[in-house]
Q: 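Here you go, one structure.
No experiment lies behind these values; they were computed from the predicted model shown.
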Amino acid sequence: MIEILVELFRQLSQKEMRAITEHELTRRIDKILVLEAVSGTLNDLTPEQIKMYDEAVKRK
């Protein structure tokens, strides 16, 4: 997971990286970790569960 984060943040320039506050950096990392966790979970769903998930997402 650390390698993924390093690669994502490597895309930012030094100036951009310095401009990110600690709070914003933490928020971004949290979002990335949640996305990685959810994407792994979705891989384990049955086709019926995926359909239910898609319908729930459409309602929001």
Q: Salt-bridged, Glu55 to Lys58, with N to O below 4.0 Å?
A: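 Salt bridge between Glu55 and Lys58, a charged N being under 4.0 Å from a carboxylate O: no.
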
Q: Quick one: CD on Glu3 to CG on Leu8, what's the gap to the nearest 0.5 Å?
A: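 The CD atom of Glu3 sits 12.0 Å away from the CG atom of Leu8.
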
Q: I'd like to know if Val34 and Val57 are part of one continuous hydrophobic network [Ile/Leu/Val/Met/Phe/Trp/Tyr, side-chain heavy atoms within less than 4.5 Å].
A: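 Same cluster.
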
Q: A side-chain contact here means heavy atoms from C-beta on lying under 4.5 Å apart; do Ile4 and Met1 qualify?
A: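 In contact.
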
Q: Could you go through Thr21 and Glu24, starting from their C-alpha distance and side-chain angles, then the distance that decides it, and tell me whether this counts as side chain to side chain donor-acceptor pair (under 3.5 Å)?
A: CA-CA 5 Å; Thr21 65; Glu24 178 64 16; 5.5 Å; no

Q: Would you give the length of the straight line joining atom CG of Leu5 to atom CD of Glu36, rounded to the nearest 0.5 angstrom?
A: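 Nearest 0.5 Å value for the CG-CD distance: 8.0 Å.
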
Q: Do the side chains of Met52 and Ile50 join up, straight or via other hydrophobic residues, at under 4.5 Å, putting them in one cluster?
A: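 No, separate clusters.
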
Q: Enumerate the residue pairs fulfilling side chain to side chain donor-acceptor pair (under 3.5 Å) with a member in residues 6-18, sequence neighbours excluded, ordered by first and then second residue.
A: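 Only Glu7-Arg10, Ser13-Glu16, Gln14-Arg18 qualify under side chain to side chain donor-acceptor pair (under 3.5 Å).
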
Q: Evaluate whether atom CE of Met17 has more than 12 neighbouring non-hydrogen atoms of other residues, nucleotides or ligands under 6.0 angstrom away.
A: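 Counting neighbours around CE of Met17, more than 12 heavy atoms of other residues, nucleotides or ligands fall under 6.0 Å, so yes.
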
Q: Decide whether Leu35 and Leu25 are clustered together by the hydrophobic rule: side chain heavy atoms of Ile, Leu, Val, Met, Phe, Trp, Tyr closer than 4.5 Å, transitively.
A: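 Per the 4.5 Å side-chain linkage, Leu35 and Leu25 are not co-clustered.
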
